[in-house]
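What follows is a single structure, written as structure tokens, with notes after it.
So that the names make sense, note that chain A is the first sequence line, chain B the second, and so on, each numbered from 1.
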There are 2 protein chains.
Amino acid sequence: MEFGKNELSERKKLILKAIVEAHIKLGEPVGSKYLMQEADIPYSSATIRNEMAELEELGYLEQPHTSAGRIPSELGYRFYVDTLVYQYDMSTKEAGELEKLLSVKKNEIDKILEKATQVASAITNYTALSLKHRPSAITIRKYETVYLDSFNFIIVMIASLHDSVKTRNIKLPFAVSSEMIGKLSKVLNDNLSGVSIEQINISIIMKMESELTECPELISIVVKNIYEAMNELGSEIKFEGVNRLLQYPEYSDLDKLQKMISTIEEKSDIIRAISTIDQSDDDTKIFIGSENMVKIMDDSTLIYKNLKLNGKTIGAIGIIGPCRMDYSKVLATIDKLSYEISQLSDIGQLPEALDIDLKIDGEE
Amino acid sequence: MEFGKNELSERKKLILKAIVEAHIKLGEPVGSKYLMQEADIPYSSATIRNEMAELEELGYLEQPHTSAGRIPSELGYRFYVDTLVYQYDMSTKEAGELEKLLSVKKNEIDKILEKATQVASAITNYTALSLKHRPSAITIRKYETVYLDSFNFIIVMIASLHDSVKTRNIKLPFAVSSEMIGKLSKVLNDNLSGVSIEQINISIIMKMESELTECPELISIVVKNIYEAMNELGSEIKFEGVNRLLQYPEYSDLDKLQKMISTIEEKSDIIRAISTIDQSDDDTKIFIGSENMVKIMDDSTLIYKNLKLNGKTIGAIGIIGPCRMDYSKVLATIDKLSYEISQLSDIGQLPEALDIDLKIDGEE
DNA sequence: TTTAGCACTCTTTTTGGTCGATTGCTAATC
DNA sequence: GATTAGCAATCGACCAAAAAGAGTGCTAAA
């Protein structure tokens with residue numbers, strides 16, 4: 001062989017690429033005859049067979065059994081993806097779905113992510129996921145309190161990140177006055193604005209207790225709630241189109257499917273796996289088969305990309321499906337989507353807000 | 001036959017009950033021999049066969065094919081459920097899960113419902129659902145505004161029903177002052193407190209516009225957002241444990257399963273069906289097979305019960321599974337759960353709030 | 001009225017064999 | 001030396017026939 005161990009001949013590349021694409025399209029092992037006749041490989045089936053045998057030896061292909069054709073190995077998919085210059089033309093319908101995304105009326109991250117997963121799943125026909133970012137990035141920019149009665153009040157927290165809002169209803173074991181709750185909000189704003197979750201420590205808490213001399217007990221109750229809220233504001237993973245998994249024969253094994261759906265419903269495994277990915281990384285990440293850190297997903301592919309808004313990473317979006325995945329389409333969708341979202345902030349909800357009429361019942 | 005058409009002999013009842021229970025346990029048609037040997041029916045298989053033939057004639061049993069045993073028909077299940085005095089002893093583990101439910105720290109309906117579905121699904125091992133109530137019942141008891149900058153503010157709405165809170169970030173196409181936003185909150189509280197979604201009409205809107213003379217454009221923008229928020233506050237359906245469906249051979253037909261999961265993900269069909277159920281009804285409702293209003297669920301059973309808190313219906317909880325369902329267990333769980341929730345308000349989060357320490361990092 | 005027994009029916013499992021697809025190898029050809 | 005044609009070998013998919021198994025309905029006896 002005149003090539004180094006990492007270098008495939010052009011003909012091998014051509015054949016490997018054709019095999020991957022044929023397998024993505026058909027979902028079945030690909031044979032030499034098919035490649036010659038249908039995939040326009042300009043060699044005889046025998047030549048192709050020889051090449052396939054070598055590609056198998058090199059680890060790019062696998063043979064389910066002797067009399068079947070070949071399917072790409074993980075290495076084969078990896079090679080294909082790495083050399084893929086993805087060129088996928090969105091149909092007008094698909095472009096339209098992306099348009100709709102732009103019409104999200106809300107400027108909250110949650111809404112953007114939710115819409116984005118819906119669109120991603122609908123366009124690609126795979127299961128989509130979105131991830132909101134880790135709590136360490138979260139700080140509360142403003143606290144507001146709402147007095148309900150002497151035992152109940154609400155605390156409204158506005159996160160530094162794109163004005164996400166979280167509220168907590170707090171029920172007290174003792175009575176407080178409306179003024180006290182008002183003062184509480186000042187103490188919180190003075191001491192906990194812009195403070196991240198790790199920075200909340202006992203000294204800050206004691207300082208606040210000393211500032212709220214009339215009722216220091218309030219502080220510990222409130223701080224606990226704020227802590228929880230910051231956690232909830234911080235990270236969240238959501239899935240859309242889980243049912244689409246069922247379309248693919250790869251998941252027709254009920255036992256596997258059950259495990260897969262459990263894993264998705266359970267979420268924690270996937271969160272853990274994804275959390276290891278660099279938040280600041282701009283590239284689209286592709287995990288094929290066992291490259292995935294979740295065991296159950298070891299014959300699935302996860303494609304994943306961070307989303308930025310106003311230059312900051314607000315979360316991520318991903319697609320889960322069989323290794324045999326329409327990579328071009330998925331990559332194009334993910335990229336387009338993340339680009340559109342990055343552009344979103346300039347437009348905001350301005351046009352929507354201008355377009356208000358009084359016929360409110362015309363909604364939904 | 002010495003009995004009226006609606007009256008089964010005791011022996012028939014015994015046999016029918018044994019058949020239903022055996023089928024629930026095994027998931028397969030039950031034969032006369034099994035009933036005699038394993039289910040302790042004190043008659044010979046021939047006698048049992050005769051009774052089974054009559055029960056089939058009466059419509060309580062069905063025979064998938066000649067040489068199979070019998071399975072209960074919908075009527076059979078209905079009979080079983082109607083005569084069922086459900087006596088199900090919760091194991092300590094299950095009771096423990098219910099205990100945990102009590103430890104929900106929050107007093108918001110959403111949290112209670114979420115936890116309740118989780119517990120219900122875990123204990124029964126079927127898919128659980130919860131429903132939050134229809135928007136017509138929702139009014140906003142208090143409005144609060146939070147000024148962010150001259151183009152952005154947040155509106156916080158506290159619903160009359162158990163202080164659920166909803167916030168909306170509003171981005172304006174024109175600048176406003178902090179004072180203006182403060183005044184807006186007064187106008188909203190004066191005019192829209194305690195007003196239900198149907199009662200918002202043009203005359204109220206115009207009245208508010210006249211009261212906010214400095215900037216009447218604000219009103220229509222805000223009202224639209226309030227309208228949307230009230231809708232979102234109003235009703236919501238959630239599912240838990242969808243993957244549990246896969247355990248049951250009834251759903252091993254992939255096509256059916258796909259439709260079922262789609263229906264669940266899609267939600268709207270189920271909401272529509274459930275919406276027809278009387279909100280004030282205290283009984284546990286059981287829809288067996290074609291009694292269900294959702295086509296795709298016509299060989300599933302839906303068990304459903306309204307949840308009350310402080311005497312008011314706050315939502316409902318349900319279980320979805322195959323007709324062959326462990327009715328005793330499910331009914332006991334649903335009833336216990338709804339009872340526990342109805343007791344919840346007295347306890348509230350008081351003990352939790354009292355039990356606060358400063359070691360915040362011990363969480364999760 | 002109940003039960004034992006048996007023929008009958010229908011599904012499930014097993015078996016055996018054919019068919020078709022694909023490969024690897026060898027020999028011929030370019 | 002590279003490519004190709006041809007062919008035997010392999011193995012799963014498919015099908016039909018046979019066997020096994022489960023359960024019933026019916027009849028006759030207890």
Does [N] have its OP1 or OP2 closer than 4.0 Å to a side-chain nitrogen or oxygen of [X]?
X        : N       : value
Thr47(B) : dT3(C)  : yes
Arg11(B) : dT2(C)  : yes
Arg49(A) : dT4(D)  : no
Ser67(B) : dC10(C) : no
Ser32(B) : dT24(D) : yes

[X] has an atom [atom1]; how far is it from atom [atom2] of [N], in whole Å?
X        : N       : atom1 : atom2 : answer
Leu61(B) : dG23(D) : CG    : P     : 15 Å
Tyr43(A) : dC30(C) : OH    : C1'   : 15 Å
Gln63(B) : dC10(C) : CD    : C1'   : 10 Å
Glu56(B) : dG23(D) : CD    : P     : 15 Å
Ile41(B) : dG23(D) : CD1   : C1'   : 17 Å
Lys33(B) : dA4(C)  : NZ    : P     : 14 Å
Ile48(B) : dT3(C)  : CD1   : P     : 9 Å
Met52(B) : dG23(D) : CE    : C1'   : 8 Å

Query raised in the report: Salt bridge between Asp335(B) and Lys305(B), side-chain N to carboxylate O under 4.0 Å?
Result: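 Answer for the salt bridge query: yes.
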Query raised in the report: Does the ring centre of Phe287(B) sit less than 6.0 Å away from the ring centre of Tyr304(B)?
Result: no
Query - Residue Ala53(A), side-chain atoms from C-beta onward, closest of dG24(C), dT3(C), dG25(D) - result: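 Minimum distance to the Ala53(A) side chain belongs to dG24(C).
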**Report entry** Of Pro42(B) and His65(B), the one whose closest DNA chain C nucleotide lies more 5'
**Finding:**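 Closer to the 5' end of DNA chain C: Pro42(B).
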Query raised in the report: Checking all strands, does Ala46(A) fall into the base, sugar-phosphate, or nothing category for heavy-atom contacts under 4.0 angstrom?
Result: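 Ala46(A): base contact, heavy atoms under 4.0 Å.
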Query raised in the report: Contact class for Thr66(A) (heavy atom, under 4.0 Å): base, sugar-phosphate, or nothing?
Result: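 Answer is sugar-phosphate: Thr66(A) comes under 4.0 Å of backbone atoms only.
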Report task. For the pair Tyr60(B) and Phe79(B), name the ring-plane relationship: parallel under 30°, tilted 30 to 60°, perpendicular over 60°. Result ->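 Perpendicular, since the angle between the ring planes exceeds 60°.
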**Report entry** Lys13(A) atom NZ, neighbour heavy-atom count above 12 within 6.0 Å
**Finding:**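 Check passes, neighbour count above 12.
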Query - For Ile319(A) against Ala128(A), the heavy-atom pair lying closest together - result: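 Nearest pair, atom of Ile319(A) first, then Ala128(A): CD1-CB, 3.9 Å.
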